[in-house]
Amino acid sequence: MSNGMRELALTDMERAGAFEDAERTFQMTEEAFRLFYEQTARPVWVYLARTTGDDRLADDLLQETYYRFLRTRTTFESDDHRRHYLFRIATNLVRDQWRRARTDAVDLGEALDVPEAGEDNAVGEHALRRIDVTRALDQLKPRERSLLWLAYAQGFSHEEIASQLGLRTGSLKALLFRARRRLVSVLGDRYRSGGRRG
Amino acid sequence: MAEHSCIHEPDVLAAVLSRRWEHASDQLKEHAESCEICCDVVTIAQLLSSDQERARYEARVPAAGQVWWRAAVRVRLEAAQAVARPLTWVHGIAGACAVGVACAVIGMAWPSLRELASWLTFETFGVDSGMADVAAFVTAAMQRSLPLAFVVAACIVLAPVALYFALTDD
C-alpha cells in the first residue's frame with residue numbers, strides 16, 4: 001500500500017527517470033516484454049491461481065513473477081528456456097507462500113464465480129468442473145499440485161519439471177504416480193475415462 | 001518394485017494435450033482402457049488441460065504496460081532507497097556528533113558562563129543598593145536554570161533526529 005501511495009506521488013521527472021532506470025535494469029525492452037507477456041501471462045496466472053487456490057494472491061504473484069523475471073541476468077537460449085524460467089520463478093514464489101503460515105482458508109463460494117441456474121448448460125458444466133478441480137487440488141499437497149499442473153496442464157517434460165521444482169528426474173515418475181493416484185481418488189468415479197459424470 | 005510409468009504414457013499424454021485423443025489409434029485407446037497408469041493419465045490430462053484452456057480464456061490479467069510500469073516504478077523506488085540508506089546513517093552520525101560537540105563546548109564554556117552571569121548581575125544592580133539580595137537571587141536562578149536550558153536545547157536538536165529514525169521506512 002505504501003508503495004502504491006508513493007507511486008501516485010511520483011513527479012513527471014521521476015516517471016521519466018523510472019522508465020530510464022527500467023530500460024537500463026531490465027533484461028528486455030518494453031516492446032519485447034509486451035510480446036512475451038501476451039504469450040505467457042495467462043498460463044502463468046492460471047498456474048498460480050490453481051496451485052495457490054487464491055485468485056487474488058495469483059494477481060500479486062503474477063506481478064512479482066514478472067518483476068523478478070525482468071530483473072534476472074540470465075541469458076536465455078530460446079523462448080522455451082525463457083518460458084520455463086518464468087514458471088520456475090512462479091513455482092518458487094508459490095513455494096514461498098506455502099512456507100508462510102496461511103491465515104485463512106480459501107472460501108470457494110467467494111473465489112469462484114458460479115453461474116446462476118438456468119444459464120447455458122455448457123457454461124454450468126465448466127463451472128462445476130472448475131469447482132471440482134479446485135476442491136480436488138486443494139486436498140493435495142502443494143508440491144503435488146505443481147507436479148500435476150506442470151505435467152498435465154502445461155505439458156512440460158519430466159526434466160523441465162524436475163528442474164523447476166528442484167527434484168531429481170529419477171524420483172519424478174514415482175512422485176507423479178502418487179500424485180495422480182491421489183487426485184483420481186479425490187475426484188472419485190465421476191471423472192473416470194475423462195468425462196464428468198453426474 | 002511397483003511400476004510407476006508405462007512406455008505408452010508419453011504417446012497417450014501427447015495425444016490428449018494436442019486434442020487428438022478422440023482420433024488416436026484404436027490400439028492406443030484399447031491400451032489406455034486396460035492400463036491403469038495410462039487410464040489415470042487420460043483422466044487427469046483431459047481434466048486439467050481443459051480446465052487450463054477455459055481458465056486461460058477467462059483469466060483477467062493486467063495489461064503488459066501496467067506490469068512494466070509497476071516494475072519500472074519499483075526499480076526506481078528501490079534504487080532511491082538504496083541511495084538513501086547510507087545517507088540515513090550519515091544523518092544519524094552527524095546528529096550524534098553535533099550533540100557531542102555541543103555538550104563539549106558547553107562543558108568548556110561553563111565556568112566562563114557562570115562568571116558572565118555574575119558580572120552581568122553586578123553591573124546591572126550594583127553592590128551598594130538594596131537590590132544586592134535580588135542580584136544574588138537572579139544570579140543563582142540563572143545558574144540553576146542554565147543546565148535546564150541546555151537540556152531543552154538538546155531535546156530540540158535531538159527530537160527531529162529521533163522522529164526521522166522513527167518514521168523512516170528503513
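Quick note on labels: first sequence line is chain A, next is B, and so on, each numbered from 1.
- With a 4.5 Å cut-off on non-hydrogen atoms, A/Y152 touches chain B through its backbone and its side chain both.
- Of the listed residues A/A136, A/A174, A/A41, the one with more heavy-atom pairs under 4.5 angstrom with chain B than any other is A/A174.
- Chosen from A/Q154, A/K173, A/Q63, the residue pairing most often with chain B at heavy-atom distances under 4.5 Å is A/Q63.
- Contact annotation for A/Y47: neither backbone nor side-chain heavy atoms come within less than 4.5 Å of a heavy atom of chain B.
- Highest contact tally toward chain B, considering only A/G155, A/P43, A/S157, is held by A/P43 [criterion: heavy-atom pairs under 4.5 Å].
- Interface check for chain A: of the options B/A14, B/A63, B/A80, the most heavy-atom pairs under 4.5 Å are formed by B/A63.
- With hydrogens and angles disregarded, a donor-acceptor distance shorter than 3.5 Å links the side chain of A/R42 to the backbone of B/A59.
- Interface remark: B/P62 contributes backbone and side-chain atoms alike to the contact with chain A (heavy atom separation under 4.5 Å).
- Contact count versus chain A (heavy atoms, under 4.5 Å) is highest, among B/S50, B/A45, B/A79, for B/A45.
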Point to revise | Worked check of salt bridge (Lys or Arg N to Asp or Glu O under 4.0 Å) between B/E36 and A/R181 | key: CA-CA 10 Å; B/E36 192 181 27; A/R181 290 272 74 204; 3.0 Å; yes

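- The CG atom of B/L48 sits 9.5 Å away from the CZ atom of A/R50 when rounded to the nearest 0.5 Å.
- Relative ring orientation between B/W68 and A/F26 is described as perpendicular, the plane-to-plane angle rising above 60° on a 0-90° scale split at 30° and 60°.
- Using a 4.5 Å cut-off between heavy atoms, A/A49 makes no contact with chain B at all.
- Heavy-atom distances place both the backbone and the side chain of A/L148 under 4.5 Å from chain B.
- A distance of 9.0 Å separates CD in B/E58 from CH2 in A/W45, rounded to the nearest 0.5 Å.
- With rounding to the nearest 0.5 Å, the separation of CZ in B/R70 from OH in A/Y66 is 14.0 Å.
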